[in-house]
Protein chains: 2
Amino acid sequence: MGALSTVDHAVDLLFALSASAEPEGVTALSRRLGLPKANVHRLLATLLQRGLVEQDERRRYLPGSALVALGLQRLDRDPVTAAARGELEAAAAELGETVFLAGLRGGQLVVLDKAEGSGFLRAAPRIGETVPLHATAVGKLALAFAPDEVALGGAELRSFTATTATSHAALDAEVRRAALRGWAENREEWIAGLSVVAVPVLRAGRLVGALALAAATGRIESIGRLRTATRLQAAAKRIEARLVTPLPRTRSAEAGA
Amino acid sequence: MGALSTVDHAVDLLFALSASAEPEGVTALSRRLGLPKANVHRLLATLLQRGLVEQDERRRYLPGSALVALGLQRLDRDPVTAAARGELEAAAAELGETVFLAGLRGGQLVVLDKAEGSGFLRAAPRIGETVPLHATAVGKLALAFAPDEVALGGAELRSFTATTATSHAALDAEVRRAALRGWAENREEWIAGLSVVAVPVLRAGRLVGALALAAATGRIESIGRLRTATRLQAAAKRIEARLVTPLPRTRSAEAGA
DNA sequence: CAAGTCTGTTTCATATAATGGAACAATTGG
DNA sequence: CCAATTGTTCCATTATATGAAACAGACTTG
């Protein structure tokens with residue numbers, strides 16, 4: 001469809017550079033993306049001028065610091081993230097374990113913000129990281145409360161651990177349970193040893209985020225899953241209260257199709 | 001000059017969206033950038049596919065969450081951050097208070113990394129947070145050692161506390177003092193109760209970061225500002241030694257702005 | 001120390017691919 | 001309800017990105 005290929009290639013370069021652990025040269029990138037060297041070089045030169053990529057002393061290219069500015073700017077203007085920030089820290093401090101906020105961005109579930117726990121062994125999600133829908137607590141909430149915004153597709157459910165739900169029937173049962181009781185859990189379904197309890201953050205009945213506590217299974221059990229869920233729900237309530245001032249009035253009638 | 005105009009325009013859009021406080025429509029953006037509507041629309045559609053921009057419920061455009069992922073990824077591989085990490089922790093452990101690293105990213109001063117102190121009352125900056133230039137110790141260092149990389153503008157100096165420098169004359173005096181003695185301080189000028197001592201991290205004579213200790217005013221006084229500065233300078237020296245890298249030479253004339 | 005093989009960079013003819021005016025459709029607002 | 005926006009699509013035109021090949025540094029290898 002109508003996508004500007006030049007821009008597309010530039011974006012490919014940004015992601016390629018960001019994905020690779022080390023600075024990469026023009027030749028390597030051109031091979032990886034299947035583009036002519038000259039082309040890659042000009043794209044990089046353009047991005048270089050704008051600070052989206054940089055060069056190291058060996059003239060190899062790496063992601064630019066302008067990306068940091070753009071990314072962090074973006075983080076700060078997210079209304080849900082802003083409203084949740086204080087609650088994340090309060091809950092993490094009180095429970096001593098990592099609490100994070102996830103949300104749907106572009107059909108994918110991404111980590112929006114986090115407040116890490118204090119333990120030596122603690123979950124340390126990466127902000128911006130995308131997490132699987134079918135093997136996480138927040139994913140089940142997304143499937144339960146915003147099924148039309150996510151693209152699970154009829155695809156096969158990849159098995160990460162022994163407890164991953166690999167059949168759609170099993171997953172559906174989990175999702176229904178989450179919808180019923182208002183919170184979801186993940187018992188080492190994605191990463192061995194890691195358990196999560198998550199609650200939804202709603203605005204006008206729509207899911208705008210999910211608040212989750214992630215910790216070693218033993219730690220969560222000693223806190224208590226229900227107690228964790230209750231504590232998170234209180235935080236979610238306060239976040240929701242802070243979100244009720246949104247959108248400059250919409251007059252659109254909800255009536256009819 | 002050999003810059004791909006299509007990519008350039010796409011980058012313009014990203015910065016324009018990031019700069020404006022609210023989501024913007026195609027028409028507004030086309031006016032601001034002086035590009036035809038159709039063109040802006042296609043550029044946005046391309047960026048939308050890749051998650052670099054998003055649309056709100058009114059179809060207006062805003063920066064996309066993929067920028068967060070790219071930006072955060074970039075933060076982690078920052079050479080200055082990598083070189084400083086160990087020193088941050090060593091200094092924080094030795095002095096018992098929070099030590100953090102700040103740097104200029106896209107004309108703004110942002111927190112790159114931190115090692116928190118052990119006290120019950122301790123500074124806990126957020127990584128990625130941007131801090132004001134005129135009311136912080138690290139900001140004064142930026143103004144003193146990299147005046148052309150920061151955009152203070154002739155703007156008014158917002159007053160945060162009773163001791164904030166609100167006149168350019170007063171600020172200039174502070175900046176000159178910092179340049180002379182090689183370290184800067186902040187005496188509750190930004191946040192009541194919080195004092196900071198900061199030293200520059202230089203590479204090839206250019207400021208690449210600032211190392212700062214942040215603590216309650218009483219704590220800093222009992223450690224001693226000069227002693228703190230001396231300790232931080234030792235750390236900065238070691239960081240600088242780890243950064244000995246010639247800057248890449250550019251053959252073509254460089255266009256500013 | 002020199003030849004060879006990698007890099008990154010520049011050139012230039014060519015045709016593709018982005019352009020932008022204008023028509024269209026879907027909103028919003030009065 | 002109509003008018004004035006907005007976002008989106010269409011399409012001819014040519015400006016623009018393309019990519020093969022030549023060039024120039026840097027680094028390794030014999």
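Numbers restart at 1 for each chain; the letters A, B, ... are given by sequence-line order, proteins then strands.
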**Item:** Pairs flagged by salt bridge (Lys or Arg N to Asp or Glu O under 4.0 Å) wherever residues 131-145 of chain A is involved - sequence neighbours left out
**Value:**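 Non-adjacent pairs meeting salt bridge (Lys or Arg N to Asp or Glu O under 4.0 Å): K140(A)-E174(A), K140(A)-E189(A).
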**Request:** Give a yes or no answer on whether the side chain of S30(A) reaches the backbone of V40(A) with a donor-acceptor pair at less than 3.5 Å.
**Result:**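 Judged by distance alone, no pair lies under 3.5 Å.
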**Message:** Let's test your reading of the model: under 3.5 Å, does the base of dG20(C) pair with the side chain of K37(B) as donor and acceptor?
**Reply:**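 For K37(B), whose side chain was compared with the base of dG20(C), there is no donor-acceptor pair (under 3.5 Å).
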Does [N] have OP1 or OP2 sitting under 4.0 Å from an N or O in the side chain of [X]?
X: H41(B); N: dG7(D); value: no
X: Y61(B); N: dT6(D); value: no
X: H9(B); N: dT19(C); value: yes

Are any protein N/O atoms closer than 3.5 Å to N/O atoms in nucleotides 16-18 of chain C? If there are, list each pair with its distance.
residue: dA18(C); atom: OP1; partner: S5(A); partner atom: N; Å: 2.8
residue: dA18(C); atom: OP1; partner: S5(A); partner atom: OG; Å: 2.7
residue: dA18(C); atom: OP1; partner: T6(A); partner atom: N; Å: 3.0
residue: dA18(C); atom: OP1; partner: T6(A); partner atom: OG1; Å: 3.2
residue: dA18(C); atom: O3'; partner: T6(B); partner atom: OG1; Å: 3.2

**Request:** Measure the angle between the two terminal helix axes of the helix from dA17(C)-dT14(D) to dG30(C)-dC1(D), five base pairs each, and quote it to 10°.
**Result:**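 End-to-end axis angle for the helix from dA17(C)-dT14(D) to dG30(C)-dC1(D): 10°, rounded to 10°.
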**Asked** Among residues 25-32 of chain B, which contact DNA chain D at a heavy-atom distance under 4.0 Å?
**Response**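 Those residues are G25(B), V26(B), T27(B), R31(B).
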**Asked** Which nucleotide in the list dT10(C), dG20(C), dG19(D) gets nearest to the side chain of P36(A)?
**Response**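 From the listed options, dG19(D) comes nearest.
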**Asked** Relative to the 5' end of DNA chain C, which residue comes earlier, R59(B) or E24(A), by the nucleotide with the nearest heavy atom?
**Response**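 Residue closer to the 5' terminus by nearest nucleotide: E24(A).
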**Item:** Counterpart residues, side-chain hydrogen bond (donor to acceptor under 3.5 Å, both in side chains), relative to S159(B) (two or more places apart)
**Value:**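 If we apply the side-chain hydrogen bond (donor to acceptor under 3.5 Å, both in side chains) test to S159(B), skipping adjacent residues, there are no hits.
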**ring-ring contact (aromatic ring centres under 6.0 Å, His included) contacts in which one or both residues fall within residues 53-79 of chain A, not counting sequence neighbours** =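 Listed once each, the pairs would be none.
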